[in-house]
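Read through the structure below, which is laid out as structure tokens, and then see the notes.
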Amino acid sequence: MNKKLKTDAVDYLFDAILSLKNRDECYSFFEDLCTVNELLSLSQRFEVAAMLKSHKTYLEIADKTGASTATISRVNRSLNYGNDGYDLVFDRINKK
């Protein structure tokens, strides 16, 4: 975990997110918290990660998501060398 990231403010934000009970609550909270572009960027990265996990090519991903190759590379680096956060979430949502 990045020590610069672990702050009381980030803990407070994560506690708030963990308190959300359903998708409607997530929409309400994140629409208040983020700009439309910020939320779309987050969702785009998550979609890119899913497509990379499904072994799609950068070209396929860029065509479907509109993500730049720089964004795709950044997400790929996180998948390969990050903290396994994507894998944790994908494992959980795929068990539903």
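- Leu13 places a side-chain heavy atom less than 4.5 Å from the side chain of Leu33.
- Qualifying side-chain contact (heavy atoms from CB on, under 4.5 Å) partners for Ala67, counting only residues two or more places apart in sequence or in other chains: Gln44, Val48, Thr65, Thr71, Ile72.
- Asp87 meets the salt bridge (charged side-chain N to carboxylate O under 4.0 Å, His left out) test with Lys53; sequence neighbours excluded.
- When the salt bridge (charged side-chain N to carboxylate O under 4.0 Å, His left out) test is applied to Glu38, no partner is found at least two apart in sequence or on another chain.
- For Leu79 against Ala49, the heavy-atom pair with the smallest separation is CD1-O, 3.8 Å.
- Identified under the ring pair (Phe, Tyr, Trp, His ring centres under 6.0 Å) test for residues 29-77, with sequence neighbours left out: Phe46-Phe90.
- For residues 12-31, no pair satisfies salt bridge (charged side-chain N to carboxylate O under 4.0 Å, His left out), with sequence neighbours left out.
- Looking at residues two or more places apart in sequence or on another chain, you find no side-chain hydrogen bond (donor to acceptor under 3.5 Å, both in side chains) involving Asp63.
- Qualifying side-chain hydrogen bond (donor to acceptor under 3.5 Å, both in side chains) partners for Asn22, counting only residues two or more places apart in sequence or in other chains: none.
- Cluster partners of Val36, using a side-chain heavy-atom cutoff of under 4.5 Å among ILVMFWY residues and allowing indirect links, are Leu40.
- Legend: residues meeting side-chain hydrogen bond (donor to acceptor under 3.5 Å, both in side chains) with Thr57, ordered by chain and number and at least two apart, are Glu60.
- Residues meeting the side-chain contact (heavy atoms from CB on, under 4.5 Å) test with Phe14, sequence neighbours left out: Val10, Ile17.
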